[in-house]
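As the structure is a computational prediction, the values presented were derived from the model and not from experiment.
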Amino acid sequence: MATANNEFFEALSALEKERGLPEDYLIDKIKAAIVIAVKKDYEVEDDNVVVDIDPELGAFRASLLRDIVEEVENPHTQVSLEDAQKVRKSYKVGQRMVTPLKTKEFGRIAAQIAKAIILQKLREEENRAVYERYKLMERDLVSGVISRHFERRGEDGKSTTVNVSVNLGKAEATLMAGEQIKGEEYKVNTRMKFYVVEVKDLPKGPKILLSRSRPELVKRLFEAEVAEIKDGTVEIKAISREAGSRTKMAVCSHDENVDAVGACVGVNSSRVNAVVDELGGEKIDIINWDENAAQFIENALSPSKVIFVAVDDDEHSALVVVPDSQLSLAIGKAGQNARLTAKLTGYKIDIKSESQAEEEGLFDEIDFSAAEETEQSDETAQDNEGQE
């Protein structure tokens with residue numbers, strides 16, 4: 001076996017380190033590529049080509065296997081008995097003779113083919129590794145650096161949207177225009193956190209789609225900041241969000257000694273402020289979740305005070321009465337507080353001021369006794385617990 005060019009094995013070692021691919025895998029792919037190159041250059045079949053690569057010995061060999069015949073029809077696949085016996089006298093017709101080849105004999109075109117195939121196989125393996133790596137991060141939080149902006153023409157052929165390319169370290173991902181926070185700047189070389197919406201396995205390589213606008217981003221950010229959420233003590237029950245403006249998040253505690261809202265806010269508001277800063281100043285209301293729909297809706301309308309909530313479970317709707325001075329706060333600017341409350345609770349919300357409710361005779365229609373009975377039963381249950 002002839003000693004191989006040191007540069008070949010140096011390049012092999014570099015590929016292993018730079019691409020992070022196993023040496024065995026690289027050798028197999030290179031062998032396959034060289035076999036194809038030899039086949040094309042010599043017009044032979046797979047079983048006429050043998051390639052040996054031994055990195056430990058620093059050796060490389062490519063050979064042709066030719067059938068020994070009386071009369072040669074194809075010099076690439078056959079050799080005459082006379083010529084074969086010049087190499088080894090014991091050769092006979094029907095046997096095969098090994099003819100070592102020099103790499104330079106493959107020709108320029110064959111070498112280019114081998115190189116192209118090797119690069120293609122490497123890209124395929126890299127793409128597979130990237131896909132598997134980021135598929136595990138789907139629906140999770142990732143950190144990346146803004147690398148560039150690129151325009152995408154709309155279906156009408158005239159309108160354009162600006163998408164953002166994000167470098168995740170091992171892969172490039174895309175933040176589509178529809179997943180961006182309105183008004184948020186995406187400056188090149190700025191590091192930000194993103195929610196991984198989907199990872200697609202495409203022929204050209206994996207496509208990673210990110211989001212900055214989805215409610216799940218807020219959830220993941222709090223999970224990363226709040227230890228009590230990580231360990232399951234505090235649970236995020238629901239989130240409603242208008243990205244870039246305001247988010248409402250309902251939480252509950254599975255430990256009576258842990259205040260769910262307080263855990264999410266943190267000492268001196270450190271935890272919630274960390275999330276707010278990551279979201280560019282977006283306001284976040286953290287409220288206590290309650291299995292009682294009326295109480296949950298009242299909590300969700302924070303910071304507004306509420307006089308009464310009447311719930312229709314069949315219609316999944318609720319009538320909310322607030323003090324006159326609190327009406328605009330309860331509804332919110334352009335109806336935002338009411339919208340977010342409806343999304344958070346899943347109930348259609350109708351908000352009335354106290355004077356409006358009186359004028360429309362709504363208090364006459366509301367059955368307060370049921371609410372009073374519920375309160376009394378709750379108090380009785382608490383008293384019983386205390387006695388126990």
Side-chain angles (χ1 to χ4, degrees), residues 181-183 213 215 218 236-253 259-262 264-265 269 272-273 275-276 279-383:
I181 297 177
K182 188 177 180 181
S213 63
V218 180
I236 299 174
K237 299 291 287 188
I239 291 182
S240 61
R241 184 185 185 202
E242 292 189 359
S245 179
R246 196 179 204 100
T247 287
K248 282 184 181 288
M249 185 172 77
V251 295
C252 73
S253 175
D259 174 23
V261 173
C264 293
V265 172
S269 301
V272 69
N273 283 344
V275 176
V276 169
L279 298 176
E282 184 173 317
K283 295 178 181 178
I284 299 177
D285 298 333
I286 304 173
I287 60 106
N288 281 309
W289 176 83
D290 200 295
E291 62 182 8
N292 180 289
Q295 185 60 57
F296 185 25
I297 291 168
E298 181 177 336
N299 295 347
L301 279 170
S302 175
S304 169
K305 293 181 180 179
V306 174
I307 293 176
F308 187 81
V309 179
V311 172
D312 186 336
D313 288 322
D314 293 333
E315 296 293 327
H316 232 58
S317 63
L319 170 65
V320 180
V321 179
V322 300
D324 290 5
S325 62
Q326 297 281 301
L327 182 61
S328 60
L329 183 62
I331 294 173
K333 186 177 180 180
Q336 185 185 65
N337 198 49
R339 280 197 309 276
L340 288 173
T341 297
K343 290 179 183 177
L344 188 74
T345 62
Y347 279 75
K348 182 180 178 182
I349 309 293
D350 183 13
I351 303 176
K352 302 282 187 181
S353 68
E354 187 175 10
S355 58
Q356 286 175 330
E358 289 177 349
E359 288 175 9
E360 296 177 19
L362 295 178
F363 286 125
D364 298 332
E365 300 173 10
I366 297 172
D367 182 9
F368 289 94
S369 62
E372 290 173 355
E373 288 175 6
T374 302
E375 289 177 1
Q376 289 174 1
S377 63
D378 288 343
E379 290 174 0
T380 302
Q382 290 174 3
D383 289 342

From CA spacing to verdict: side chain to side chain contact (heavy atoms under 4.5 Å, CB included), I351, L327 | CA-CA 8 Å; I351 303 176; L327 182 61; 3.8 Å; yes
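Rounded to the nearest 0.5 Å, atoms CD1 (I331) and CD1 (I349) are 12.0 Å apart. Taking OG from S269 and CD1 from I284, the interatomic distance works out to 11.0 Å, rounded to the nearest 0.5 Å. The NZ atom of K283 sits 12.0 Å away from atom CG of L340, with the distance rounded to the nearest 0.5 Å. Within the model, atoms CH2 of W289 and OG1 of T345 stand 12.5 Å from one another, a figure rounded to the nearest 0.5 Å.
Between the side chain of R339 and the backbone N or O of A334, at least one donor-acceptor pair lies under 3.5 Å. Using a distance-only test at 3.5 Å, with no hydrogens or angles considered, a donor-acceptor pair links the side chain of N337 to the main chain of A330. No donor-acceptor pair under 3.5 Å is formed between the side chain of S253 and the backbone N or O of A260.
A search for side chain to side chain contact (heavy atoms under 4.5 Å, CB included) contacts involving S325 returns P323, not counting sequence neighbours. For S245, the side-chain hydrogen bond (donor to acceptor under 3.5 Å, both in side chains) partners two or more places apart in sequence, or in a different chain, are Q336. In terms of the side-chain hydrogen bond (donor to acceptor under 3.5 Å, both in side chains) criterion, residue partners of S353 (sequence neighbours excluded) are, by chain and number, S355, Q356. Residues satisfying the side-chain hydrogen bond (donor to acceptor under 3.5 Å, both in side chains) criterion with T247, sequence neighbours excluded, are E282.
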For residues 297-310, dump all side-chain donor-acceptor pairs below 3.5 Å to protein atoms at least two apart in sequence or in another chain.
| from | atom 1 | to | atom 2 | distance (Å) |
| --- | --- | --- | --- | --- |
| N299 | OD1 | Q295 | NE2 | 2.8 |
| N299 | ND2 | N288 | O | 2.9 |
| N299 | ND2 | Q295 | O | 3.4 |

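Looking only at side-chain heavy atoms (C-beta outward), L344 and I287 come within less than 4.5 Å of each other. Contact annotation: the side chain of M249 never approaches that of V275 to less than 4.5 Å [non-hydrogen atoms, C-beta and beyond]. Counting only heavy atoms from C-beta outward, the side chains of K343 and K248 never approach each other to under 4.5 Å.
Screening residues 307-318 for side-chain hydrogen bond (donor to acceptor under 3.5 Å, both in side chains) gives D313-Y347 as the qualifying pairs, with residues at least two apart or on separate chains.
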